[in-house]
Amino acid sequence: MHEPSGLTELVTAAAQGDPEAWNAIVERFSSLLWSVGRAHRLSMDDAADVVQNTWLRLLDNLHRIEQPEALPGWLATTARHECLSLLRRRGRDVLVRDDDLGPMLVDVESAALDASLLEKERDVQLWSCFSRLSERCQRLLRVLMVCDRPNYAEVSASLGMPVGSIGPTRMRCLSTLRSLVSDTGYAFESGGGRPS
C-alpha cells in the first residue's frame, strides 16, 4: 500500500485507521515532542510520559482536526500543557480528606515560576529604561547603588562631580528613570531599589 506523504493525507488516513499513516506522523513529530519535554527540564521518564500522553490526546482528537497543517502547533501546545500539568501535579501531591479542598490548594511551583518570569521580564524592561538615561546618570546611579550608604566624598572623587551636586543630580536621574518606567506599563514598587 502506498504511504501518503502530505500532512493532510497523513492525518486523513490516520483518522481512518491507517497504521502506516499514524506511524509516519509519530516518526515525523516525535522529536518535536521530546524537545518540548527537554525545554521543561523533565527527567527522561517524565518526558516519555508527556510524549505518550500527547500521542494519546492526538489519537482521541484525530478525527476532529480540521486543519492538518496546524498539527505541529497543536502537538507542541498539547505537549506544553502536559508538561505543565505534570509539574503542577508534582507540586500538589498533598493528601487531603475533602475533595472540595483541591481547588483551594496553591500550586507553589507554578506560582514561583510565574513570579520568576515576571521578575525577569520586569528587569529587562527596567534595564532597557536605564540604558536610555544619559551616560552621566547611568554612571552616577551605578556608583551610588554599589553600597547601601555610599560615601559622597568618594563618589565625588570617582566621578569628578562636586559633592553638593550629587544629591540633586541623583534625584533628576531617578525622576527621568521613573518617567521612562511609567511608559512601560510596569508597576515597579517604590523602594524596590536597584536594577538586578
- Item | CE-CD1 distance between M161 and I166, expressed to the nearest 0.5 angstrom | 6.5 Å

- Using the rule that two of Ile, Leu, Val, Met, Phe, Trp, Tyr join whenever any of their side-chain heavy atoms come within less than 4.5 Å, decide whether L59 and V51 are in one cluster. yes

- Note on the structure: Distance col, row S179:OG vs L133:CG, nearest 0.5 angstrom, shows 10.0 Å

- Message: So, using side-chain hydrogen bond (donor to acceptor under 3.5 Å, both in side chains) as the criterion, who are the partners of N61 when residues are at least two apart?
- Response: R64

- Item | Donor-acceptor under 3.5 Å (S158 side chain, E154 main chain) | no

- Residues L10 and A24: closest non-hydrogen pair is CD2-CB, 3.6 Å

- Query: So which pairs with a foot in residues 28-77 pass ring-ring contact (aromatic ring centres under 6.0 Å, His included), sequence neighbours left out?
  - Reply: W22-W55

- Task: Compare all side-chain heavy atoms of R142 with those of F130 and state whether any distance is below 4.5 angstrom.
- Result: yes

- Item | Set of side-chain hydrogen bond (donor to acceptor under 3.5 Å, both in side chains) partners for R170, sequence neighbours left out | none

- Gap between atom OG1 of T54 and atom CZ of R80 - 0.5 Å precision: 10.5 Å

- Query: If you take all heavy atoms of A47 and G37, which pair is closest and at what distance?
  - Reply: CB-CA, 4.4 Å

- CZ of R89 to OG of S85, rounded to nearest 0.5 Å, is 4.0 Å

- Message: Between S30 and E27 (side chain of the first, backbone of the second, donor and acceptor by atom type, cut-off under 3.5 Å), is there such a pair?
- Response: no

- Item | Side-chain heavy-atom pair C137, T176 within 4.5 angstrom cut-off | no

- What heavy-atom pair brings P72 and L32 nearest, and what distance separates the two atoms? O-CD2, 3.5 Å

- Message: According to a hydrophobic-cluster definition based on side-chain heavy atoms being under 4.5 Å apart (Ile, Leu, Val, Met, Phe, Trp, Tyr only), do L141 and M171 belong together?
- Response: no

- Taking atom CD of Q52 and atom CZ of R57, what is their separation to the nearest 0.5 Å? 11.5 Å

- Message: Using the rule that Ile, Leu, Val, Met, Phe, Trp and Tyr join whenever any side-chain heavy atoms are under 4.5 Å apart, tell me whether V36 and V26 fall into a single cluster.
- Response: no

- Could you pull out the closest heavy-atom pair between A14 and A21, with the gap in Å? N-CB, 3.6 Å

- Task: Would you check if L58 and I25 make a side-chain contact, meaning some heavy-atom pair closer than 4.5 Å?
- Result: yes

- Message: Any non-hydrogen side-chain atom of R132 less than 4.5 Å from a side-chain atom of L177?
- Response: no

- Message: Please check this pair: side chain of N23 against backbone of P19, looking for a donor-acceptor N/O pair closer than 3.5 Å.
- Response: yes

- Task: Determine yes or no for a side-chain-to-main-chain donor-acceptor pair under 3.5 angstrom, with E69 supplying the side chain and T8 the backbone.
- Result: no

- Item | Donor-acceptor under 3.5 Å (T12 side chain, E9 main chain) | no

- Over all atoms of both residues, closest heavy-atom pair of A79 and V50: O-CG1, 3.7 Å

- Spell out, yes or no, whether L75 and L62 are grouped together once hydrophobic residues are joined by side-chain heavy atoms under 4.5 Å, including indirect joins. yes

- Distance from L71 atom CG to R28 atom CZ, nearest 0.5 Å? 9.5 Å

